[in-house]
Amino acid sequence: MNRQSEGVRVTGHFDYISRNGKLEIETADGQTLSGKSATGQLAAEWLVRHDEDRHNGFATGRTRITTNMVFSMPADVNAEGIKDAVRALAEDEFGGRHDYVMALHTDTKHPHVHLTVRTVGHDGIKLNLRKADLQHLRSQFAQRLRQRGIDAEATPRHARGVTRKSQKMPVYKVRQKGQLARTDEAKREEARRDMQAHGGRLPDYPWDNALMSRRNRVIGTYMKAATALALSDDPEDRALARDTQRYAAQLTDLRTERVQIASDARLGCSEGLAPPKGPVRERVATDRAKDADREPQQGPGNRNKDRER
């Protein structure tokens, strides 16, 4: 990463979120910019300010000029409501401390808002989002959606039974074009080496056991809730108990991306991996809901579309 590559990246990102200048982008002070000339000028201004930050010791050669986020909801949610919620969130979380721009996209399956924040703040403090910070932003986004009459929750990924992380935007775009990203090739090569070194089986890593332990805690929590609801005199509570049991029963699969890659290799898929000898282990959490009905459910008590983003 260097000054030139960062300048190209930020300019390209502004082109992307503005659809090459066809869409307006909104700044932290409420101004709207349209056209490639205006967005290009803003990218140049941010690059100059980043040079100043580096000169003053607030940034290094490894500091990104921007931190980029996407806030998305299902197709039937009012797009302007989403944008208004993100505008309020950005003002509360970053207003007066960081420069930022936002752009609404409605030309995809899910309406979403790109929020791009200048990493170094006005006080020289760098934005460094950790896992807890991301969950906080998701919770704040959901809260502001609810304030605007939009049903939304922000449950953590592991509570929804989602094992794999979301794809990073550059990788997603490469895969969209039907190309194999370098990260994919690296992951397949790593899986191949692991299996060859361990007789065709994936070795255990500390995070595998941590993942299984956390999933067991999630299942246990759901089952305790289901037990309590089942004792209620309210028929709706008892129905929710059954939904919760069925939902918990489907959370036992812990097929991570690494396990899926190993399974593909075992079947001799077309990525050039030699099928390993022996079985490929697939990790399964302890089934605390083994007596529950295993009918797939979208979520406990949720018969409508998932509103979690």
Side-chain angles (χ1 to χ4, degrees), residues 13 16-19 22-26 67-94 100-117 129 131-177 215 218 222 225 236 239-240 242-251 253 255 257 260 295-309:
H13 179 71
Y16 172 72
I17 66 173
S18 68
R19 292 293 193 254
K22 296 177 182 178
L23 298 180
E24 290 184 342
I25 65 174
E26 184 176 321
T67 299
N68 308 317
M69 291 162 270
V70 180
F71 296 86
S72 174
M73 286 296 283
D76 60 345
V77 177
N78 178 269
E80 288 300 326
I82 299 172
K83 184 177 182 180
D84 192 42
V86 175
R87 182 186 294 113
L89 178 149
E91 173 61 28
D92 290 343
E93 297 292 332
F94 308 114
Y100 60 82
V101 296
M102 53 183 287
L104 171 66
H105 285 187
T106 59
D107 56 352
T108 61
K109 184 177 180 180
H110 298 283
H112 59 276
V113 173
H114 289 267
L115 177 62
T116 302
V117 183
L129 298 178
K131 185 181 296 185
D133 299 317
L134 296 177
Q135 180 59 31
H136 169 75
L137 290 173
R138 294 178 72 247
S139 298
Q140 293 301 309
F141 177 48
Q143 178 181 331
R144 282 156 181 76
L145 287 170
R146 292 193 297 271
Q147 291 171 349
R148 288 156 178 78
I150 300 173
D151 184 23
E153 294 294 339
T155 51
R157 176 165 53 91
H158 64 265
R160 291 178 279 124
V162 179
T163 303
R164 304 181 191 181
K165 296 181 180 179
S166 300
Q167 299 180 54
K168 293 184 178 180
M169 186 60 69
V171 175
Y172 172 74
K173 289 299 179 183
V174 170
R175 287 172 175 164
Q176 261 194 331
K177 297 177 181 178
R215 180 61 59 83
V218 169
Y222 280 134
E236 291 188 2
L240 181 57
R242 292 190 292 272
D243 283 347
T244 303
Q245 286 179 327
R246 285 194 286 266
Y247 180 69
Q250 71 168 358
L251 298 181
D253 185 10
R255 190 188 300 253
E257 184 178 34
Q260 185 62 57
E295 177 185 350
Q297 295 289 323
Q298 193 170 23
N302 182 6
R303 305 180 193 279
N304 299 316
K305 290 185 178 180
D306 181 12
R307 298 291 183 178
E308 299 167 357
R309 287 293 184 274

Inset, instruction - Could you grab the distance from atom NE2 of His13 to atom OG1 of Thr116, nearest 0.5 Å is fine? - result: 2.5 Å
Inset, instruction - Could you list the residues that satisfy side-chain contact (heavy atoms from CB on, under 4.5 Å) with Asp133, not counting sequence neighbours? - result: Leu129, Arg130
Inset, instruction - Might you point out which heavy atoms bring Ala85 and Leu145 nearest each other, and give the distance in Å? - result: CB-CD2, 3.7 Å
Legend entry - Smallest separation among heavy atoms of Pro111 and Ala75, with atom names: CD-CA, 3.7 Å
Legend entry - Ala103: partners by side-chain contact (heavy atoms from CB on, under 4.5 Å), with sequence neighbours left out: Ile17, Ile25
Legend entry - Partner residues of His112 under the side-chain contact (heavy atoms from CB on, under 4.5 Å) criterion, sequence neighbours left out: Val70, Ser72, His105, Thr108, His114
Inset, instruction - Work out which heavy atom in Leu137 is nearest to a heavy atom in Leu89; give both atom names and the distance. - result: O-CD1, 3.4 Å
Legend entry - Interatomic distance, Ile82 atom CD1 to Thr106 atom OG1 [nearest 0.5 angstrom]: 10.0 Å
Inset, instruction - Calculate, to the nearest 0.5 Å, the distance between atoms CZ and CZ belonging to Phe71 and Arg138 respectively. - result: 10.0 Å
Inset, instruction - Working to the nearest 0.5 Å, report the span between CE of Met73 and CG of Asn78. - result: 11.0 Å
Inset, instruction - Measure the shortest side-chain to side-chain distance between Asp107 and Arg19 over non-hydrogen atoms and say whether it is less than 4.5 angstrom. - result: yes
Legend entry - Inter-residue atom distance Met69.CE - Phe141.CZ, 0.5 Å rounding: 12.0 Å
Inset, instruction - Return the set of residues passing side-chain contact (heavy atoms from CB on, under 4.5 Å) with Gln147 (not counting sequence neighbours), or none when no residue passes. - result: Gln143, Arg144
Legend entry - Test item: His136 and Gln140 side chains (from C-beta on) under 4.5 Å apart, heavy atoms: yes
Legend entry - Counterpart residues, side chain to side chain donor-acceptor pair (under 3.5 Å), relative to Glu24 (two or more places apart): none
Inset, instruction - Taking the side chain as every heavy atom from C-beta outward, state whether His110 and Val77 have any atom pair closer than 4.5 Å. - result: no
Inset, instruction - Find the distance between CG (Asp84) and CZ (Arg148) and round it off to the nearest 0.5 Å. - result: 4.0 Å
